[in-house]
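Source: prediction; values computed, not measured. Reminder, nothing fancy here: chain letters follow the sequence lines and each chain counts from 1.
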Amino acid sequence: MVRVRFAPSPTGYLHMGGARTALFNWLWARKNKGVFVLRIEDTDQSRSTQQSEEAIIDGLKWLGLDWDEGPIVGGPHAPYFQMQRLATYDRHAESLIAQGKAYRCDCTKEELDRLREQAAREKRGFKYPGTCRNKNLPRGTPGAVVRFRMPDEGATTFKDLVKGEITTQHKELHDEVILRADGVPLYNFGAVVDDVEMEITLVARGDDHVVNTPRQILMYQALKYPVPLFAHLPMILGADKQRLSKRHGAVSVLQYREDGYLPGALLNYLARLGWSHGDQEIFTIPELIEDFGWEHVGANAGVFNPQKLEWVNQQWLKLTPPVEIAKMAGVSPEFAALMQERARNLNEIRDAYRAYIVPDLPAYDEKAVAKQLTKETRPLLEEARAVIDRTFEQGPQAMEQAFRALAEQRGLGLGKLAQPVRLAVTGTTVSPPLFETIALLGKARTLRRIDAALERIK
RNA sequence: GGCCCCAUCGUCUAGUGGCCUAGGACGGAGGCCUCUCACGCCUCAAACAUGGGUUCGAAUCCCGUUGGGGUCACCA
């Protein structure tokens with residue numbers, strides 16, 4: 001049974017990197033009929049907030065990345081909030097201490113900071129010197145944290161599903177803190193204990209965690225638990241090739257909802273950022289689930305490209321049934337059908353709808369009016385009005401035929417005739433095909449608009 | 001700085017020793033189609049970081065160099 005998890009810390013919204021990590025985990029779970037667990041790692045009490053937690057959950061929900069176990073839905077390993085699992089960490093820490101694999105340490109923060117600064121001055125990495133290693137400090141020692149006893153010699157090797165074999169010498173490691181004095185675990189320990197408890201079989205997470213992996217493997221081994229598989233996903237970079245951060249365009253995925261993107265399009269784009277399936281660019285969600293695999297996840301970081309995302313969104317818009325688009329954009333299905341192949345996002349559809357479908361008279365683009373609605377075009381517009389009046393009931397194709405006949409009669413291209421009419425009817429020079437738009441608007445409203453436009457010429 | 005990871009068009013990537021005069025996609029340039037816009041179609045420009053090996057043969061394997069990134073917390 002494949003069991004994977006997404007374990008965000010509620011210290012901010014869900015951004016692209018987190019969304020992609022969640023997506024890859026989710027795809028793997030769905031592909032293997034496994035379980036996708038959502039776990040909230042809220043042990044940084046100074047930075048975790050309720051709002052962030054909600055924002056992350058909202059983001060996942062919008063994307064359609066549903067979880068089988070976790071907040072709201074519960075599950076056999078509840079609770080799924082680390083701050084509610086303190087007793088579990090304590091139990092495991094005590095067991096490690098009893099076996100001599102961990103120990104209490106009451107070194108003060110000040111001493112440690114001094115050592116750290118000194119190490120920095122000497123351009124060395126800081127390593128805890130092991131002051132309390134053999135003190136056997138008892139439970140209840142004031143201010144004591146628990147440190148994990150790292151082996152001094154040897155090396156740990158693991159096979160990362162995307163990066164291949166990675167080896168770390170144990171001498172590079174040091175006895176890191178796994179439990180604070182107040183019993184709140186630190187990342188490496190909390191994650192390991194929970195992944196063990198929740199029976200996670202594969203850990204897929206950001207690249208920045210590769211260095212944590214050997215330490216965590218050592219902890220799994222100390223705990224006498226099987227080690228899961230690991231897959232480290234490369235970073236997503238901003239246009240400047242810098243890691244995506246709040247300053248570098250790392251916006252909430254929910255911003256894309258505001259901007260009129262389809263959740264599936266975002267998922268499609270994110271999947272292709274770092275993963276590939278031959279030359280295919282556009283995938284439905286079932287296709288993504290079917291085709292996804294770690295073999296084709298790239299090992300190098302990728303730049304987030306908004307233009308390509310927009311293109312993917314456009315493709316999705318074309319492939320989505322009009323009724324669904326209508327629902328999302330808040331427009332009629334008929335109009336959605338006309339707009340879906342020429343809009344890049346839902347907002348363009350909604351804006352157009354509000355501009356010239358909803359109101360009785362559209363807001364006119366004055367610059368275009370000055371150019372298109374002139375004394376020269378007036379007779380044309382009058383004749384067009386008559387044509388519409390006469391042929392409307394026969395449908396858009398008949399109207400078009402009649403317009404073509406009229407244009408030809410006047411020695412004009414259809415464009416010369418259609419543009420003033422389009423402006424009169426929609427208020428703009430850019431719209432879906434004129435005759436279908438007119439059909440959708442209705443005869444009375446169309447004629448009223450043309451009359452209003454004629455008024456403007458005077 | 002130590003350790004670790006990465007390196008194909010501007011960007012996302014295909015490529016797993018011969019199919020590569022390196023393919024696709026976004027973006028760019030030009031054109032076709034056309035009632036506007038968009039779609040679609042066609043054409044063009046655009047890359048294997050670098051130096052050594054290994055091999056009959058290297059974008060593909062190995063080493064060095066360079067460049068980029070990650071990480072060195074009682075953050076995650």
Does OP1 or OP2 of [N] have a side-chain N or O of [X] closer than 4.0 Å?
| X | N | result |
| --- | --- | --- |
| A/Thr168 | B/C4 | no |
| A/Lys171 | B/C3 | no |
| A/Thr43 | B/A76 | yes |
| A/Lys241 | B/U11 | yes |
| A/Gln280 | B/G24 | no |
| A/Arg344 | B/A38 | no |
| A/Arg116 | B/C74 | yes |
| A/Asn300 | B/U8 | yes |

Which atom names give the shortest non-hydrogen contact between A/Thr131 and A/Cys107, and what distance separates them? CB-SG, 3.8 Å

Can you give me the closest heavy-atom contact between A/Ile57 and A/Pro71, atom names plus distance? CD1-CB, 4.1 Å

Take atom [atom1] in [N] and the same atom in [M], then report the distance between them in whole Å.
| N | M | atom1 | answer |
| --- | --- | --- | --- |
| B/U66 | B/A73 | C1' | 32 Å |
| B/G18 | B/C6 | C1' | 27 Å |
| B/G27 | B/C12 | C1' | 11 Å |
| B/C62 | B/U16 | P | 16 Å |
| B/G51 | B/C42 | C1' | 42 Å |
| B/U71 | B/U8 | C1' | 28 Å |
| B/C44 | B/C26 | P | 16 Å |
| B/G15 | B/C63 | P | 22 Å |

Please verify the inter-ring angle class for A/Phe304 with A/Tyr269; under 30° counts as parallel, over 60° as perpendicular, anything in between as tilted. perpendicular

Looking at A/Phe6, is A/Arg39 sitting on its ring face, NZ or CZ under 6.0 Å from the six-membered ring centre and within 45 degrees of the normal?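 Verdict for A/Phe6: no cation-pi partner in A/Arg39.
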
Within 45° of the ring axis of A/Phe126 and under 6.0 Å from its six-membered ring centre, is that where the NZ or CZ of A/Arg116 lies?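 Geometry flag: set, cation within 6.0 Å and 45°.
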
Side chain of A/Trp311, heavy atoms from C-beta onward: which of B/U71, B/U34, B/C26 has the nearest atom to it? B/C26

Select one nucleotide: of B/C74, B/C35, B/G23, the one nearest the side-chain heavy atoms of A/Leu112. B/C74

When you measure only distances, ignoring hydrogens and angles, does the side chain of [X] come within 3.5 Å of the base of [N] through a donor and an acceptor?
| X | N | value |
| --- | --- | --- |
| A/Asp207 | B/G70 | no |
| A/Glu281 | B/G24 | yes |
| A/Arg342 | B/C39 | no |

Upstream residue (5' side of RNA chain B) when A/Arg272 and A/Glu295 are each assigned their closest nucleotide: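 Looking at the nearest nucleotide for each, A/Arg272 comes out on the 5' side.
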
Between A/Val430 and A/Asn212, name the one whose nearest nucleotide on RNA chain B is closer to the 5' end.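 Residue closer to the 5' terminus by nearest nucleotide: A/Val430.
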
When you check the side-chain N and O atoms of A/Gln50 and A/Glu54, is any donor under 3.5 Å from an acceptor? yes

Spacing between A/Asp365 atom CG and B/C37 atom P, to the nearest angstrom: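 Nearest whole value for this atom pair: 14 Å.
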
